[in-house]
Amino acid sequence: MKKILMLFTCLFAFSTMIFAQESDTKEIPIAGATYDNEQFEAEKTKTEIIIPENQHTTDSTATVRIEYMPMYDEIRIYYECMYVTYDKGEAMNTVLACLEDFQLEHKYFRYRYLRDDKERFFKDDRGRRKAQYISHLQFER
C-alpha cells in the first residue's frame with residue numbers, strides 16, 4: 001500500500017512539474033488581439049485627449065476637453081472658462097451635450113459617474129481667474 005501511495009505521489013509531482021513551466025511573455029487577449037507585457041502596459045496607461053468639434057457652448061471664453069482612457073472605458077471631461085462668465089448650469093448642460101455626442105460616436109449604451117462633479121477656481125499662468133467644471137465617468141457597452 002505504501003508503494004502505491006508513493007508511486008501516485010511521484011506521478012503527481014512529475015505531472016505538476018511538466019505543466020508548470022514559465023513563459024517569457026504573457027499574451028493577454030484584448031478585443032481579439034494579443035500583446036506582450038510591454039504592449040499591454042503601454043495600452044493600459046494610454047490616454048487620448050479629445051477636443052470636441054461641436055462644444056455646445058454659448059460662452060465665447062469656454063472650452064471643453066475630454067481625456068479618454070479606452071482600456072477602462074473611462075473619461076474625464078473638463079469645461080473651462082473665465083471666472084467672470086462661469087455659470088454652473090451652463091457648464092452642466094454643455095458637459096451633458098458633449099457626453100451624448102461622445103457616446104454616439106464611440107457606440108456606448110450608458111455611463112455612470114465614478115465621482116461627484118467638481119468645480120475648481122484658479123489663476124492661469126497669465127494671472128487671469130478661471131473656473132473649471134470636471135466630471136469623471138465610466139461608459140458601458
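Worth saying up front: this structure is predicted, and the values here are computed from it rather than measured.
Hydrophobic clustering, with ILVMFWY side chains joined whenever heavy atoms are under 4.5 angstrom apart, groups Ile50 together with Val95. Residues Leu96 and Ile51 fall into different hydrophobic clusters, defined by Ile, Leu, Val, Met, Phe, Trp and Tyr side chains chained together at heavy-atom separations under 4.5 Å. Cluster membership check: Phe121 shares its hydrophobic cluster with Ile77, using side-chain heavy-atom separations under 4.5 Å among Ile, Leu, Val, Met, Phe, Trp and Tyr.
Between the side chains of His56 and Asp101, at least one donor N or O lies within less than 3.5 Å of an accepting N or O. With 3.5 Å as the limit, one finds no donor-acceptor pair spanning the side chains of Thr57 and Asp59.
Ring geometry, Tyr86 versus Tyr79: the interplanar angle falls from 30° to 60°, so the pair is classed tilted. The aromatic rings of Phe102 and Tyr108 lie parallel to each other, their planes meeting at an angle below 30°, with 60° marking the opposite boundary.
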**Test log, rule side chain to side chain contact (heavy atoms under 4.5 Å, CB included), inputs Glu74 and Tyr68** = CA-CA 6 Å; Glu74 288 183 17; Tyr68 174 49; over 6 Å; no

**Message:** Arg110 vs Phe139, test: side chain to side chain contact (heavy atoms under 4.5 Å, CB included). Steps then yes/no.
**Reply:** CA-CA 6 Å; Arg110 62 180 158 255; Phe139 283 94; over 6 Å; no

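Checked against a 6.0 Å centroid threshold, the rings of Phe122 and Tyr83 do not count as neighbours.
For the atom pair Ile75 CD1 and Glu67 CD, the distance stands at 10.0 Å (nearest 0.5 Å). A distance of 12.0 Å separates OG in Ser135 from CZ in Arg115, rounded to the nearest 0.5 Å. In this structure, Ile134 CD1 and Asp116 CG are separated by 12.5 Å, a value rounded to the nearest 0.5 Å. Between atom CG of residue Leu137 and atom CG of residue Leu114 there is a gap of 7.0 Å, rounded to the nearest 0.5 Å. Here Tyr133 contributes atom OH and Lys118 contributes atom NZ; the two are 12.0 Å apart, rounded to the nearest 0.5 Å.
Counting non-hydrogen atoms of neighbouring residues, nucleotides and ligands closer than 6.0 angstrom, the CD1 atom of Ile49 exceeds 12 such neighbours. Surrounding OH of Tyr113 are more than 12 heavy atoms belonging to other residues, nucleotides or ligands, all under 6.0 Å away. For CG of Asp124, the number of neighbouring non-hydrogen atoms (other residues, nucleotides, ligands) closer than 6.0 Å is greater than 12. Residue Phe12 qualifies as open at atom CZ: its count of foreign heavy atoms under 6.0 Å is 12 or below. Within a 6.0 Å radius of CZ in Arg129, other residues, nucleotides and ligands contribute 12 heavy atoms or fewer. With a 6.0 Å radius and a threshold of 12 heavy atoms from other residues, nucleotides or ligands, Arg141 has its CZ atom above the threshold.
In this view, Gln103 satisfies the side-chain hydrogen bond (donor to acceptor under 3.5 Å, both in side chains) rule with no residue, not counting sequence neighbours.
Ionic pairing of Glu80 and Lys130 is present here: one or more N-O contacts between side-chain nitrogen and carboxylate oxygen are shorter than 4.0 angstrom.
With contacts defined as side-chain heavy-atom distances shorter than 4.5 Å, the pair Thr58/Glu90 qualifies. Taking the side chain as every heavy atom from C-beta outward, Gln132 and Tyr78 approach each other to under 4.5 Å.
Between the side chain of Gln138 and the backbone N or O of Tyr111 there is no donor-acceptor pair closer than 3.5 Å. Formation of a donor-acceptor pair under 3.5 Å by the Gln55 side chain with backbone atoms of Val64 is found in this model.
Of all non-hydrogen atoms in Pro70 and Lys46, the two that sit nearest each other are CD-O, 3.8 Å.
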